[in-house]
Amino acid sequence: MRGEVLKLARRALEAEWGKPAAIVGSGGSIPIVGAFKRELGMDALMVGFSLADDAIHSPNEKYDRASFHKGARSWARILAAFAQ
């Protein structure tokens, strides 16, 4: 089932962004991810919408409003795909 969930999410993201989603392993430093697995026995799907020049966690970080809106629409698409 895990592979199918990732496949559905990738399709939904591609539909919103017009290009394939990049798969990047991460989340090890986010405590709730481990808690979901440990306490609930479930994996987490983490999806980021930052741009290369956002400089996250730096003194001059930014986040495009377009990324925020496309990110919200992306999640709507992902959840709709999961509901099918």
Side-chain angles (χ1 to χ4, degrees):
M1 182 60 172
R2 249 186 280 171
E4 184 63 24
V5 166
L6 187 54
K7 201 180 305 181
L8 290 169
R10 289 187 79 187
R11 271 192 235 129
L13 289 165
E14 187 169 351
E16 180 61 38
W17 294 85
K19 55 182 147 183
I23 303 297
V24 179
S26 67
S29 65
I30 302 173
I32 194 68
V33 173
F36 283 154
K37 186 66 172 180
R38 187 176 53 257
E39 303 296 327
L40 303 174
M42 63 191 304
D43 293 317
L45 175 65
M46 301 184 62
V47 182
F49 304 107
S50 64
L51 302 174
D53 67 342
D54 283 346
I56 300 300
H57 301 306
S58 73
N60 63 335
E61 77 177 306
K62 69 166 185 65
Y63 188 68
D64 271 7
R65 189 175 299 150
S67 293
F68 176 80
H69 292 292
K70 286 182 80 61
R73 286 193 306 267
S74 293
W75 272 110
R77 288 177 186 266
I78 290 169
L79 294 174
F82 290 173
Q84 297 296 323

More than 12 heavy atoms from other groups under 6.0 Å of CZ on F68: no
Smallest separation among heavy atoms of A55 and N60, with atom names: CB-OD1, 3.9 Å
Give every donor-acceptor pair under 3.5 Å between a side-chain atom in residues 38-48 and any protein atom, sequence neighbours left out.
from, atom 1, to, atom 2, distance (Å)
D43, OD1, K37, NZ, 2.9
D43, OD2, R2, NE, 2.9

For Y63 against F49, the heavy-atom pair lying closest together: OH-CB, 3.3 Å
Within-4.5 Å side-chain heavy-atom neighbours: D54 and L51: yes
Side chain to side chain donor-acceptor pair (under 3.5 Å) pairs, two or more places apart, involving residues 11-24: E16-K70, E16-R73, E16-R77, W17-S74
Contacts of D64 that satisfy side chain to side chain donor-acceptor pair (under 3.5 Å) - sequence neighbours left out: K62
Hphob cluster co-occupancy, V24 + W75, side-chain heavy atoms under 4.5 angstrom: no
Counterpart residues, side chain to side chain contact (heavy atoms under 4.5 Å, CB included), relative to E61 (two or more places apart): I56, S58
